[in-house]
Amino acid sequence: MIKTKTGKAAHERALRLFAMEHGMKKKKLSTLLVGMLLLLWLAPSAWAADSTDLQEIRRQIEEMKKDYESRIHELEARLQKAEEAAGQTPTSTPAPTSTASNGNTADNKNTNTASAAEVVPVAAGAPASTNAFNPDISLILSGTYAHLSQNPNGYQITGFMPGGDIGTGPRSFNLGESELGISANIDPWFYGAFNLSFDSENNASIEEAFLQTTALPAGVKIKAGRFYSGVGYLNEQHSHTWDFVDSPLVYQAFLGSQFHNDGAQLKWLLPTDQFIELGMEAGLGNSFPATDNNSNGVGVFTAFAHTGGDVGDSNSWRAGVSYLHADPQNRTYEAANVANSMVDNAFSGASDLFIGDFVWKWAPNGNGERTNFKLQGEYFYRREAGDLAYDTSGLDHTGNYLSRQSGWYLQGVYQFMPAWRVGLRYDQLYGGTVHYGDNQAYLAPTNYDPHRATLMFDWSPSEFSRIRLQFAQDRSRQNLTDYQVYLQYQMSLGAHGAHIF
Amino acid sequence: MKKTLLILTVVLGCCALFFPSAQAAIKVVACEPEWGALTQELAGDKAKVYVATTALQDPHHIQAKPSLLAAVRTADMLVCTGAELEIGWLPILLRQSGNPAIQPGKPGYFEAAEFVRKLEVPTRLDRADGDVHPSGNPHIQTDPRNFAVIAEALSQRLSEIDPANAADYKARYADFLSRWKTAMARWEKAAAPLRGAAIVVQHKGFPYLEQWLGLNEVATLEPKPGVEPTSGHLSEVLEQLQRQPAKMIVRAAYNDGRSSEWLSERAKIPVVVLPFTVGGDDQAKDLFGLFDDTIALLLKANS
């Protein structure tokens, strides 16, 4: 019953739509249709008269009928499609605007309620689809061509314990990271997201897989699972949203490019006019600078605070401070000893990292369509203290270890005309002080401050595609100056990307 | 370590208790200026309205900036266009705000486009067609008849959220509606000469205005919705205009003016910069001013 009613209702509405398009009332349309039908019925008897005029009229009516029928069908199809689309969000059933051009509100009210009565059975009668609740799916395609003057294999930043996923990337043509993202509300209480990344060697890795509460009151949110930590500014952002091909040196040196972790996050957005957000995380510590210690406790702990606001219509900013504490056990790495041969070492102890970050965005009147500018910088300071096991696969000599190291980057990206941007970044690391204690016979601190300068141009014909050219003079390795040229594409398919700040 | 965690949790918990969210006037965040103005008409001093964007900003391309997050965090109600206009930024604000009252499906979440019939609903969805909106064209605020429908729904919603002032909302709605009806009759009478006028638009932002006033859109400067005008496409439009002249080029206040100026010079037709929403120019101070000015500007260009 519902079905036939649905069909009828749809037909009715198609007729009304049709009438609207032709600026006539429904009554007028039905009169016209009845008149046409009457003429058609009368036509055969008139045929007897054998008048060429009548034949012509009949032909014209036939044409009109065909024309109108096809247009009604078209409208019915369009209406059905629209209703199917609306069926996914039952609340968004369209209500008609007034058909009367004088905007009579009594009319408005009538058509409104009338249509609501009609629309309800349509929505209810829509075919049950198991696909209707499919989550948002997005796919990022990226690829690079790299020309590097120095051998990228065995890349290490001089004086900094390597960890995580760092380096310049391989030479020549390379498939970058392809990223599949799936996200949706789970129920009235939770939101879930999943990000799978595939590298060019066909390895899949879970970048993020988390749930987040949506119904907790008072600005409190809890996230659990695997996620990018909220420390710093850039850490939470996926690589395809970066303004440069690679991550800043401080991120590579202190966080192994990007810190993600299996754990839980508590965030609280204060109910103040000024944006203030506090957060903390506890986790297993399965990524650099932490290690998975096979213990029941917390392997890594972070705390952060962000604030921000606007200055007039044209400027907005955000600044923050973050802290990360980890207790890595046997964090192994490979390094050159005083005899310049490579040995395996392991660090156990406490790692404390402090980050200060800020970003400033400018666009005339807050409209960045033509020009806009973004200035961003972060400062990192890390203290690591504990024991260092030298040459774990040979001598295995343990001694005290203490390091105090820091670094920063500053970058500016300017959109000088629609779709075109230019960016400049400077990276600086300070080798700081490193004490090897009893191991100082084997390992020597370097007196070197790695740095890098990067220039980038990109072109984004739409917000879903970007092509980038990047030049860098990379002096992160002592006595090696790497001249780098990258050409990169980044494409975004599927669900609309988020305009993060 | 554990102690630090415990202390922080307690501190955060205590702080949360010390900030009661009870407000005298309800706090409304309007995504676009037109909904801010409408809410103000319907709620008066019963609502404190924060407008997230200005008329000089493209509502498609807003970022979830800190000031907006802070505003959404304490809002009792959100009044937005919907129809995927704010798809790039509103979902992040909603998710990060930690404010359950304004989540989709709750009374505090109001999408104006739900209540009007959308035009230009695409029959196929493909990004090769540009930045198309699956629900139809979201720029519903260019037809005053839509405001009459939306005002009724919004007024009811305000009463639902703030029942104590329901009578006041009702009275304000009735008052607004009578003033709006009078104004609409005035606008329609004044705009009669515009019926059938051929116009070129920069962005497909005016189908509702065109339907209301019977304007005839013959070309767009953007080759595809949301794609910047290219010189090749502009030359094509110019060529088309030589065969099929138009009266004017229409753009919104937030659109970049260069392509329309370029075409205006060559096609020898004026550019009309419509306020597009409240605050788009000095005259469009409120909703009435918005349409007074829109009609006046169109008439001037048409003469």
Side-chain angles (χ1 to χ4, degrees), chain A residues 78 81-82 85 91-92 94-98 101-103 105 108-109 112 191 212 214-221 266-275 278 280 282 297-298 301 303 307-310 313 316 318 325 365-370 418-419 461-462 464 496-501, chain B residues 1-2 4-5 8-9 12 15-16 19 21 54 56-58 61-67 69-70 73-74 82 84 87-89 91-92 95-100 103 105 111 114-118 121 123 127 131 134-135 143-146 148-149 152 177 181 184-185 188 226-228 254 256:
Chain A
R78 269 170 57 186
K81 263 199 184 135
T91 46
S92 65
T97 51
S98 166
S101 67
N102 66 0
T105 40
N108 263 338
K109 210 172 172 180
N112 206 352
Y191 164 85
Q212 191 173 27
T214 56
L216 287 182
V220 174
K221 304 200 76 74
L266 173 68
K267 256 211 258 198
W268 182 45
L269 186 57
L270 272 70
T272 46
D273 286 343
Q274 167 94 7
F275 165 83
L278 305 176
M280 58 186 201
V298 170
F301 169 79
T307 183
D310 293 343
D313 279 340
S316 20
R318 199 193 90 153
H325 174 86
N365 296 311
N367 182 350
E369 285 303 280
R370 171 154 288 274
S462 79
F464 308 104
H496 200 292
H499 300 170
I500 46 172
F501 183 80
Chain B
M1 186 74 252
K2 273 181 188 158
T4 330
L5 268 176
L8 265 164
T9 317
L12 283 182
C15 288
F19 285 88
S21 55
T54 75
L56 297 180
Q57 296 168 353
D58 182 346
H61 294 132
I62 301 297
Q63 290 183 338
K65 54 183 183 174
S67 55
L69 259 172
R73 158 72 175 86
T74 51
E84 297 96 27
I87 188 83
W89 49 284
I92 318 176
R95 211 160 56 238
Q96 294 190 357
S97 66
N99 182 352
Q103 300 297 322
E111 268 189 9
E114 263 181 40
F115 302 93
V116 299
R117 186 186 295 287
K118 263 86 73 194
V121 178
T123 48
R127 289 238 169 88
D131 191 12
S135 315
D143 181 346
R145 294 172 300 177
N146 286 343
V149 183
E152 188 190 4
L177 199 62
K181 268 160 70 176
M184 276 205 292
E188 278 165 16
V227 177
E228 282 290 321
Y254 72 77
D256 185 53

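Numbers restart at 1 for each chain; the letters A, B, ... are given by sequence-line order, proteins then strands.
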Just so I understand: if I count every heavy-atom pair under 4.5 Å between each of A/Pro418, A/Ser462, A/Gly497, A/Ala419 and chain B, which residue has the most? A/Pro418
Between A/Ile500, A/Leu269, A/Asp313, which shows the greatest number of heavy-atom pairs under 4.5 Å with chain B?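 Between A/Ile500, A/Leu269, A/Asp313, the count favours A/Leu269.
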Based on non-hydrogen pairs under 4.5 Å, which of [options] is most in contact with chain A?
options                     : answer
B/Ile62, B/Val227, B/Asp131 : B/Ile62
B/Ser67, B/Pro100, B/Gly88  : B/Gly88
B/Lys65, B/Glu228, B/Gln103 : B/Lys65

Identify which part of [X] has an atom lying under 4.5 Å from any heavy atom of chain A, answering side chain, backbone, both or neither.
X        : result
B/Glu84  : neither
B/Ser135 : neither
B/Leu56  : both

To the nearest 0.5 Å, what is the distance between CG (A/Asn367) and NE2 (B/His61)?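 Rounded to the nearest 0.5 Å, the CG-NE2 separation comes out at 10.0 Å.
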If every non-hydrogen atom of B/Ala64 is compared with every non-hydrogen atom of A/Phe501, which pair is closest and at what distance? O-CB, 3.5 Å
Tell me the closest heavy-atom pair linking A/Leu270 and B/Arg73, and the distance in Å. O-CG, 3.7 Å
Strictly distance-based, threshold 3.5 Å: is any side-chain N or O of B/Asp256 a donor or acceptor partner for the main-chain N or O of A/Arg370? no
Is A/Gln274 close to chain B through its backbone or its side chain, or both, or neither, when contacts mean heavy atoms under 4.5 Å?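 Backbone of A/Gln274 only, per the 4.5 Å heavy-atom cut-off to chain B.
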Would you please test A/Gln212 and B/Arg95 for side-chain contact (heavy atoms from CB on, under 4.5 Å) and show each step? CA-CA 9 Å; A/Gln212 191 173 27; B/Arg95 211 160 56 238; 4.0 Å; yes
